[in-house]
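Ligands are counted one by one from 1 in listed order, and the atoms in each one are counted from 1 as well. If you're wondering where the values come from, they're calculated on a predicted model, not measured in any experiment.
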Amino acid sequence: MKVDIEKFGRIAVITIDRPPVNALSQALRKLIEVRLDEAAGDEAVKGVVLACAGRTFVAGADIEELGEVRPPTLHAVIDKLEALGKPSVAALHGTALGGGLELALGCTFRVANRDARLGLPEVKLGLLPGAGGTVRTTYLIGAEATLKLAGSGNMMGVEAAQGIGLVDAVFDNDLVANAIRFLSDRIDADDIPPPVRHRREAMPACDPQALESLTAELCRKARSSAPELAAQSVRNALTLSFEDAMAEERRLFETATQSDRFGALRHLFFAERAAAKPSGDVAEAEPRAVQTVAVIGAGTMGSGIAMAFANSGFDVIVRETDEAALARGMERIADTYDRSVKRGSLSAEEAGRRKARIAGTVAIADLASADLIIEAAFEDMAVKKTIFAEIDAVARQGAILATNTSYLDVNAIARSTTRPADVLGLHFFSPANVMTLLEIVRGDQTAPDVLATALKLARRLGKQPVVVGVCHGFVGNRMLQARNADLSQLILEGAKPAQIDAAFRAFGWPMGPCQMQDLAGLDIGWRNRKALGETDALPDRLCELGRLGQKAGKGWYLYDDNHKPQPDPDVDAIIAEIAEIGGIARRAVTDAEIIDRTHGPMIAEGRRILDEGIAARSSDIDVVWAHGYGFPRDLGGPMYWDDHLRESAQEKKKV
Ligand code: CAA
């Protein structure tokens, strides 16, 4: 770690260098402060460029140290920068995030590389910017634009940032040299605005009502009240003096760093990165090159996988068994892109480029050119084995062969080929072009470089990978089965489907298990039970009556034309009848019992998964649940919740 200072005529360039992302630790803040003092004390220096070495400008405060207050604070460093008595410019490349953007706001100007991105992502950690990010930004770009940035945590491109006045100039190359020239020109022209803290008067106007509805929308989208913190501080920026608004922002920030929510979200931040990182023999392996990907099966899953790859620039071949099925699959793909264009989330040109990357075929021989072949066919071992024997016959040497199975034994599938070392599971979640989770299933014989390739692919696809071992249902679906194992019994004892789903939503889930089963189709579980020779009287009866879920217009609920679920007295009658046959006494079931009897078994299954080595770390399980099943991020994942929050939540309820 170092911070250099170098003079180019009358301009001093201070360069921050702390790989990998120049995170502002206390030690780094100290070094920056020393260089600022040097620049301030040097008469010959008339202006300062603040730049970063490596892949990015400062990507924020050091998340490991958040919550500690050790001088110099970031506030103090930014104040010093603002009070230099000489104009300064931040030269932004890569990602200027959180404390990084706040540092840049301490400069008189901000210039950036064309591909740089800016953001205030603290809300994703349950925080708000803590060093003027809401106050100075509001002065500069207005309350609404600031809330959009700080309340969503999303990054913004520099052209948009320039449009709203957050960035003063954009360059295509030679950022530091251009920043020096930019500052010199401004000095020569005597065109130096006051520090941002003194630009309150020039603040763009804002409609308070628009601010309120934006806050509500941000909270709804995030399924969290965290955006309210930024909203509160933005309101303060409008109504309080600079000093008071800054003090309030700091107080809100410090309180938030002591919250359970921050602990949980910080845990997920590091958990996600740990899960994505190759370790052991995989870290040493060289990933194989992949550009052409073949997908076998053009159903919902196969077409989703094909789009996920096409969206990230891969060439894709989709293979179906007959022309009619292929045509249906290609149509599904085209429809999905067309809908995105209609919604405005994709340009027609980009949709065209993506569609053009996907070719269809019925000839298995056409898969010979693929670097990776993913089977997404019917969930049946015999079918899969036949397909893998076929692929084995045509795939080139060195191609990776993957199955998208949700439950089946990847080792058995691998053994149906002559090259089990090239086989692994790539378990995408539906819809595969949208959902971020990718369970990478390591078979007994999967080669380290095959796994290294899968992890690298996940990054290119923008997916969150988690490496898991072979077992029925891997991590996610195995725990889901455990979570739902007691569901029928709970209902027969007296918890209605609507009460169960409401208890889940109150916990923070996007939907409860009955709603989820209705959405997926109750026949999935029914078919599985039949295949295993098992029964579950209540859902079996619903299926026998044609209540297969939303697609049938009825399942646990009755659905209207807008797919809105309504409790159905017919279901209540079926429940009462089956309870009576089983001699089950009906009683009131509390929401707490619902959570205990579903989440308890799920977590116990997670512990078994860890004991068996199916997941490498407890935090990997949390990542699977946060990304694949909508476990509330604010609670950190099921294992974190059980280890850190469950008991204290119960205690709080008792009080
Ligand atoms: N603090 C500490 N470590 C950080 C960090 C941070 N702010 N940002 C990234 N890292 C670490 C990661 O943990 C990772 O470490 P390992 O290699 O040991 O796993 C390494 O840097 C690289 O990170 P990524 O793998 O995420 O790299 P990427 O290139 O995919 O993404 C990034 C880079 C966009 C900067 C991404 O890391 C990111 O979004 N970082 C977090 C940014 C953030 O939240 N900043 C706000 C911090 S809070 C704040 O600033 C409060 C305030 O107002 C004062």
Side-chain angles (χ1 to χ4, degrees), residues 1 16 18-29 32 52 54-70 72-79 92-106 115-137 146 149-157 226 229-230 233 246 249-259 261-263 265-279 283 436 455-456 458-465 617 619-620 623 633:
M1 169 173 59
I16 300 169
R18 182 182 178 228
V21 298
N22 294 308
L24 288 166
S25 61
Q26 184 259 354
L28 184 65
R29 295 195 298 269
I32 298 172
C52 282
R55 67 197 220 211
T56 179
F57 192 76
V58 171
D62 189 325
I63 295 172
E64 297 265 16
E65 294 181 9
L66 282 182
E68 301 170 13
V69 184
R70 283 188 294 147
T73 62
L74 183 54
H75 269 250
V77 175
I78 297 172
D79 285 350
L92 313 177
H93 77 288
T95 44
L97 301 177
L101 182 54
E102 291 175 308
L103 188 67
L105 287 162
D115 59 359
R117 284 173 303 159
L118 282 63
L120 294 170
E122 290 86 345
V123 65
K124 296 194 170 162
L125 294 167
L127 306 174
L128 73 160
T134 53
V135 183
R136 286 194 182 84
T137 316
T146 301
L149 207 56
S152 71
N154 294 339
M155 290 191 235
M156 168 184 269
L229 291 172
S233 194
M246 288 293 285
E249 186 194 68
R250 177 108 205 131
R251 192 190 61 77
L252 287 169
F253 176 81
E254 277 170 11
T255 309
T257 59
Q258 304 307 315
S259 67
R261 176 163 62 195
F262 168 62
L265 291 167
R266 168 157 68 177
H267 160 74
L268 276 179
F269 177 87
F270 288 114
E272 285 162 353
R273 280 148 184 89
K277 205 175 236 187
S279 60
T436 49
L455 284 166
K456 191 172 166 199
R459 197 176 171 89
R460 274 179 72 188
L461 292 171
K463 301 283 180 212
Q464 171 65 56
R617 315 166 194 88
S619 63
D620 284 357
V623 174
R633 290 184 68 84

**Report entry** Proximal ligand 1 atoms for Thr95, defined as those under 4.0 Å from one of its heavy atoms
**Finding:** 35 (C)
Report task. Check each heavy atom of Lys124 against ligand 1 and say whether those closer than 4.0 Å belong to the side chain, the backbone, both or neither. Result -> neither
Query raised in the report: For atom 8 (N) of ligand 1, what's the nearest protein heavy atom and its distance?
Result: Val21 CG2, 3.5 Å
**Report entry** Proximity to ligand 1 by part of Leu97, non-hydrogen separation under 4.0 Å
**Finding:** side chain
Query raised in the report: Going by distance only, is there an N or O of Arg273 that falls short of 3.5 Å from an N or O of ligand 1?
Result: yes
Query raised in the report: Can a cation-pi geometry be assigned to Arg266 and Phe270, taking NZ or CZ under 6.0 Å from the six-membered ring centre and within 45° of the ring axis?
Result: no
Requested in this report: Using atom types as modelled and distance alone, determine if a side-chain donor or acceptor of Thr146 lies under 3.5 Å from a backbone N or O of Thr134.
Outcome: no
Query raised in the report: Which of the atoms of ligand 1 are close to Gly98, meaning less than 4.0 Å from one of its heavy atoms?
Result: 50 (O)
Query raised in the report: To the nearest 0.1 Å, how far is atom 1 (N) of ligand 1 from its closest protein heavy atom, and which atom is that?
Result: Ile63 N, 2.9 Å
Report task. Please answer whether the main-chain N or O of Ala230 pairs with a side-chain N or O of Ser233 as donor and acceptor at a distance below 3.5 Å. Result -> no
Requested in this report: Taking the side chain as every heavy atom from C-beta outward, state whether Val21 and Leu97 have any pair of such atoms under 4.5 Å apart.
Outcome: no
Query raised in the report: Is it true that a side-chain atom of Gln26 and a backbone atom of Arg70 form a donor plus acceptor pair closer than 3.5 Å?
Result: no
Requested in this report: State whether the shortest distance between N or O atoms of Gly99 and N or O atoms of ligand 1 falls below 3.5 angstrom.
Outcome: yes
Requested in this report: Check Leu66 against ligand 1 and report side chain, backbone, both or neither, counting heavy atoms closer than 4.0 Å.
Outcome: side chain
Requested in this report: Using a strict cut-off of 4.0 Å, indicate which atoms of ligand 1 neighbour a heavy atom of Pro129.
Outcome: 53 (O)
Query raised in the report: Under a 4.0 Å heavy-atom limit, does Asp62 contact ligand 1 with its side chain, its backbone, both, or neither?
Result: both
**Report entry** Sub-4.5 Å side-chain heavy-atom contact between Leu24 and Ile32
**Finding:** yes
Query raised in the report: So Met246 and His75, side-chain contact (heavy atoms from CB on, under 4.5 Å) or not? Walk me through it.
Result: CA-CA 9 Å; Met246 288 293 285; His75 269 250; 3.6 Å; yes
Requested in this report: Give the contacting part of Ala61 toward ligand 1: side chain, backbone, both or neither, where contact means a heavy-atom distance below 4.0 Å.
Outcome: both
Requested in this report: Please write down residue, atom name and distance for the protein heavy atom closest to atom 33 (C) of ligand 1.
Outcome: Arg55 NH2, 4.2 Å
Requested in this report: Could you tell me whether the side chain of Glu122 and the main chain of Gly130 form a donor-acceptor pair under 3.5 Å?
Outcome: no
Report task. Report yes if Pro121 has an N/O atom closer than 3.5 Å to an N/O atom of ligand 1; otherwise report no. Result -> no
Report task. Just need the protein heavy atom nearest to atom 41 (C) of ligand 1, so name the residue and atom and give the distance. Result -> Phe269 CE1, 3.5 Å
Query - Candidates Arg633, Lys463, Arg459 - the one meeting salt bridge (charged side-chain N to carboxylate O under 4.0 Å, His left out) with Glu272 - result: Arg633
Requested in this report: Please report the C-alpha distance between Thr95 and Arg117 in whole Å, then the side-chain angles of each, then the deciding distance to 0.1 Å, and finally whether the side-chain contact (heavy atoms from CB on, under 4.5 Å) criterion is met.
Outcome: CA-CA 5 Å; Thr95 44; Arg117 284 173 303 159; 4.0 Å; yes
Report summary line: Judged by heavy atoms only, the candidate from Glu122, Arg18, Arg459, Glu249 nearest atom 48 (S) of ligand 1 is Glu122
Query raised in the report: Does at least one non-hydrogen atom of Gly133 fall below 4.0 angstrom from an atom of ligand 1?
Result: no
Query raised in the report: Donor-acceptor pair, Arg273 side chain versus Phe269 backbone, under 3.5 Å?
Result: yes
**Report entry** Arg29/Asp79 ion pair, N-O < 4.0 Å
**Finding:** no
Query raised in the report: Does Ala59, backbone or side chain, put an N or O under 3.5 Å from an N or O of ligand 1?
Result: yes
Requested in this report: Record the part of Leu24 in heavy-atom contact with ligand 1 below 4.0 Å; permitted values are side chain, backbone, both and neither.
Outcome: neither
Report task. Considering heavy atoms of the protein only, find what lies nearest to atom 21 (O) of ligand 1 and give residue, atom and distance to 0.1 Å. Result -> Pro20 CG, 3.4 Å
Requested in this report: Consider every N or O of Lys277 and every N or O of ligand 1, then say whether any pair is closer than 3.5 Å.
Outcome: yes
Query raised in the report: Any side-chain heavy atom of Leu101 sitting closer than 4.5 Å to one from Thr137?
Result: no
Report task. Would you confirm whether Arg18, through its side chain, and Met1, through its main-chain N or O, come within 3.5 Å as a donor-acceptor pair? Result -> no
Query - Protein non-hydrogen atom found under 4.0 Å from atom 15 (O) of ligand 1 - result: no
Requested in this report: Considering heavy atoms of the protein only, find what lies nearest to atom 54 (C) of ligand 1 and give residue, atom and distance to 0.1 Å.
Outcome: Glu102 OE1, 3.5 Å
